[in-house]
Number of protein chains: 2
Amino acid sequence: MDQASPSGDELLRVLTAMASPHRLRIIAALAEGRTYVSQLARQLQMNRPLLYMHLQRLEAAGLVTGVLETARDGSSVKYFELVPFALELTPEAVIAAVRSLGAEQAETDGPAPGAPETGGSRRDTSK
Amino acid sequence: MDQASPSGDELLRVLTAMASPHRLRIIAALAEGRTYVSQLARQLQMNRPLLYMHLQRLEAAGLVTGVLETARDGSSVKYFELVPFALELTPEAVIAAVRSLGAEQAETDGPAPGAPETGGSRRDTSK
DNA sequence: CGGGGGTGTCAGTCTCTTCTGACAGGGGGT
DNA sequence: ACCCCCTGTCAGAAGAGACTGACACCCCCG
């Protein structure tokens with residue numbers, strides 16, 4: 001179910017999601033089986049609200065899924081589970097991703113007609 | 001040249017390096033051929049010092065390399081080149097990486113005897 | 001000699017993320 | 001009743017990162 005070539009924004013979301021030691025640890029912990037929030041908080045020794053935030057970020061990136069299971073005894077427990085993923089990080093993948101990156105995109109090689117000075121190397125032409 | 005299984009910190013550095021739209025764009029631009037800083041700054045329409053910072057980050061992650069080439073006419077131009085990379089992002093890779101992550105690491109499943117309360121959910125036990 | 005292009009670096013903002021403590025609840029055992 | 005374990009959310013402090021303008025210097029061409 002993994003997307004072979006995610007959109008630029010998609011890839012970016014996944015990357016920012018993984019770019020954190022805490023979140024990597026969460027993924028690793030979750031890879032060994034599903035757990036619920038408080039339990040995981042104890043395992044990783046981190047604040048629950050904090051863990052919550054990280055989990056949401058991971059979920060937004062589609063790396064984990066959380067379901068609120070209401071046990072037969074009525075107590076609610078939110079179990080988180082790892083979504084198996086496998087994406088290959090290569091220059092080609094990046095190129096493809098950049099193509100569909102949010103908002104405007106700079107040309108690879110263009111004169112950029114109306115574009116003003118980009119560099120800051122001018123001594124003081126205008127001033 | 002690609003390391004099959006980078007250390008935790010290594011992977012983390014690469015991930016944080018890629019987790020930026022600007023840096024992705026830089027990689028994409030650099031994938032089409034080497035360029036020097038000012039040139040690239042014009043292409044991507046960004047400030048040179050800013051681009052510089054991003055390039056350094058990418059270089060620190062080992063994704064690009066920069067060489068200061070002194071042309072025959074004496075002018076110095078710093079060319080940046082993309083280092084071909086290919087790393088697979090999977091739960092297993094993350095597990096392996098977390099194992100060798102900097103500093104302390106939380107156990108996957110331990111009672112943590114002397115560990116105090118982690119969550120902040122207590123109503124007001126102490127107060 | 002005055003542009004014009006290039007590199008390198010710095011101090012300062014400014015915005016986003018991370019992190020904490022506290023609060024709101026829901027439900028169950030003793 | 002009290003105590004325990006769980007979820008969900010929030011305001012605000014603290015920190016890291018992104019970004020800017022200006023400055024230092026180099027060399028060549030007219």
Side-chain angles (χ1 to χ4, degrees), chain A residues 12-13 15-26 34-61 66-80 106 116-127, chain B residues 12-13 15-26 34-61 66-80 115-127:
Chain A
L12 193 56
R13 202 165 313 137
L15 284 175
T16 52
M18 316 255 312
S20 152
H22 271 165
R23 267 168 252 151
L24 282 184
R25 250 184 279 257
I26 292 175
R34 45 181 271 166
T35 332
Y36 56 94
V37 185
S38 295
Q39 165 71 9
L40 196 56
R42 265 168 307 207
Q43 266 184 34
L44 301 178
Q45 300 192 53
M46 68 167 72
N47 244 348
R48 205 169 41 82
L50 178 58
L51 175 61
Y52 223 82
M53 194 239 292
H54 285 307
L55 280 173
Q56 282 185 343
R57 221 165 194 70
L58 286 172
E59 190 171 27
V67 284
L68 182 60
E69 268 178 32
T70 306
R72 296 214 318 285
D73 63 343
S75 60
S76 299
V77 180
K78 183 148 195 182
Y79 276 96
F80 272 90
E117 322 297 318
T118 304
S121 289
R122 261 333 174 292
R123 210 85 73 181
D124 65 320
T125 311
S126 55
K127 218 239 294 348
Chain B
L12 194 55
R13 202 165 314 135
L15 284 175
T16 52
M18 317 253 313
S20 153
H22 271 166
R23 265 168 254 149
L24 281 185
R25 250 185 278 258
I26 293 175
R34 46 182 269 164
T35 332
Y36 57 95
V37 185
S38 296
Q39 165 72 9
L40 197 55
R42 264 168 308 207
Q43 265 184 36
L44 301 177
Q45 300 192 53
M46 68 167 71
N47 243 348
R48 203 169 43 84
L50 177 59
L51 174 62
Y52 223 83
M53 195 239 295
H54 285 307
L55 279 173
Q56 281 185 346
R57 221 166 193 68
L58 286 172
E59 190 171 27
V67 283
L68 181 61
E69 269 177 31
T70 306
R72 296 211 320 281
D73 63 342
S75 61
S76 299
V77 180
K78 182 149 197 183
Y79 277 95
F80 271 91
E117 324 294 319
T118 305
S121 291
R122 249 351 160 289
R123 206 87 68 182
D124 65 320
T125 310
S126 54
K127 214 244 292 328

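Residue numbers begin at 1 in each chain, while the letters A, B, ... track the order of the sequences.
To the nearest angstrom, C1' of D:dA16 lies 11 Å from CE of B:Met53. Rounded to a whole Å, the CZ atom of A:Arg13 is 12 Å from the P atom of C:dT17. We find that CD of A:Gln39 is positioned 12 Å from P of D:dC5, with the value rounded to whole Å. In this structure, A:Gln45 places its CD atom 12 Å from P of C:dT20, rounding to the nearest Å. Spacing between atom CG of A:Leu55 and atom C1' of C:dC19 amounts to 15 Å, rounded to whole angstrom units. Look at CE on B:Met46: it is 14 Å from P on D:dG21, rounded to the nearest Å. B:Lys78 places its NZ atom 18 Å from the P atom of D:dC27, with the value rounded to the nearest Å. Whole-Å rounding puts the B:Arg25 CZ to D:dC19 P distance at 10 Å.
Comparing atom distances between the B:Ser38 side chain and each of C:dT17, C:dG6, D:dC19 picks out C:dG6 as nearest. Nearest to the side-chain atoms of B:Val77 among the listed nucleotides D:dC19, C:dG6, D:dC6 stands C:dG6. For B:Leu50, the side-chain atoms get nearest to D:dT20 when compared with the rest of C:dG6, D:dT20, D:dT7. In the set D:dT7, D:dC19, C:dC19, the nucleotide with an atom closest to the side chain of A:Arg48 is D:dT7. Considering only side-chain atoms of A:Asn47, the nucleotide from C:dG21, C:dT7, D:dT9 that sits closest is C:dG21.
For the pair B:Tyr36 and C:dT7, the criterion of a side-chain N or O lying under 4.0 Å from OP1 or OP2 is not met. The side chain of B:His22 places an N or O atom within less than 4.0 Å of a non-bridging phosphate oxygen (OP1 or OP2) of D:dC19.
Note that CG of B:Leu55 is 10.5 Å distant from CE of B:Met53, once rounded to the nearest 0.5 Å. To the nearest 0.5 Å, the span separating CD on A:Gln39 from CZ on A:Arg34 amounts to 12.5 Å. Rounding to the nearest 0.5 Å places OG of B:Ser20 at 7.0 Å from CD1 of B:Ile26. Note that CE of A:Met46 is 7.5 Å distant from CG of A:Leu40, once rounded to the nearest 0.5 Å. The distance from the CG atom of B:Leu51 to the NE2 atom of B:His22 is 9.5 Å, given to the nearest 0.5 Å.
Place A:Arg57 and B:Gln56 on DNA chain C by their nearest nucleotides, and B:Gln56 ends up nearer the 5' end. Residues B:Phe80 and A:Ser76 both approach DNA chain C. Their nearest nucleotides, taken by heavy-atom distance, put B:Phe80 toward the 5′ side.
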Polar atom pairs between nucleotides 10-12 of chain C and protein, under 3.5 Å, N or O only, would you list them?
none

Protein-nucleotides 28-30 of chain C N/O pairs under 3.5 Å:
{"residue": "C:dG28", "atom": "OP1", "partner": "A:Asp73", "partner atom": "O", "Å": "2.6"}

Can you pull every protein N or O that's under 3.5 Å from an N or O on nucleotides 12-15 of chain D?
none

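No donor-acceptor distance shorter than 3.5 angstrom exists from the side chain of B:Glu69 to the backbone of B:Tyr79, with no hydrogens or angles considered. Between the side chain of B:Thr16 and the backbone N or O of B:Leu12, at least one donor-acceptor pair lies under 3.5 Å.
Of all the heavy atoms in B:Thr70 and B:Ser76, the pair that sits closest is OG1-OG, 3.9 Å.
Residues satisfying the side chain to side chain contact (heavy atoms under 4.5 Å, CB included) test with A:Gln56, not counting sequence neighbours, are A:Tyr52. Partners of B:Phe80 by ring pair (Phe, Tyr, Trp, His ring centres under 6.0 Å), not counting sequence neighbours: none found. Every residue two or more places apart in sequence or in another chain was checked for a salt bridge (Lys or Arg N to Asp or Glu O under 4.0 Å) with A:Arg57, and none qualifies.
Contact check for A:Leu24 versus A:Met18: side-chain heavy atoms found under the 4.5 Å cut-off.
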